[in-house]
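Presented below is the structure to which this report refers.
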Amino acid sequence: KNEKSQLCKKEEKVQMLLGDLKTHTELKKQYSVQVEKYTQLHKEHNQEQLQCDDIRAKLQQKQAAQNTQMKQIKELKDRIDDLCAEKKTSNKEYRNVCEELKNEKSQL
């Protein structure tokens, strides 16, 4: 009877350990799925970061080009102002050209 009781206890312990093993295996599978999801999200994040960096670089290039254009326009306007300074506009033909330049300048 005592032997049977010990055998039953051992059987219960084995069943409990098998249950624990099953739980452990299930948790391990769930963990693997979560790791995979995390890895995928990390890849997507890195891809988005690269796209952001690319957009930022393009924006900086456009801003630099725009700054260059603005600088060139300002230089052109200053040059028109210099050419058409009061003291140089005594000649009628020259005055007409200056009026045209000033009209173009206002459109820049």
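In this model, no donor atom of one side chain and acceptor atom of the other lie less than 3.5 Å apart for Gln34 and Gln30.
At most 12 heavy atoms of other shown residues, nucleotides or ligands fall within 6.0 angstrom of atom CD in Glu36. The number of heavy-atom neighbours closer than 6.0 Å to CD of Gln15, taken from other residues, nucleotides and ligands shown, is above 12.
A distance of 9.0 Å separates CG of Asp81 from NZ of Lys74, quoted to the nearest 0.5 Å. Atom CG of Leu21 is separated from atom CD of Glu26 by 12.0 Å, given to the nearest 0.5 angstrom. One finds the CG atom of Asn2 at 11.0 Å from the CG atom of Leu7 (value rounded to the nearest 0.5 Å). Taking NZ from Lys71 and CG from Leu76, the interatomic distance works out to 14.0 Å, rounded to the nearest 0.5 Å. Residue Glu75 holds its CD atom at 8.0 Å from CG of Asp78, rounded to the nearest 0.5 Å. The NE2 atom of His45 lies 9.0 Å from the SG atom of Cys52; values are rounded to the nearest 0.5 Å.
Using a 4.0 Å cut-off between a side-chain N of Lys or Arg and a carboxylate O of Asp or Glu, Asp54 and Lys58 qualify as a salt bridge.
Considering only heavy atoms from C-beta on, Arg56 comes within 4.5 Å of Gln60 through its side chain. At a threshold of 4.5 Å between non-hydrogen side-chain atoms, the residues Gln63 and Leu59 count as touching. With contacts defined as side-chain heavy-atom distances shorter than 4.5 Å, the pair Lys22/Thr25 does not qualify.
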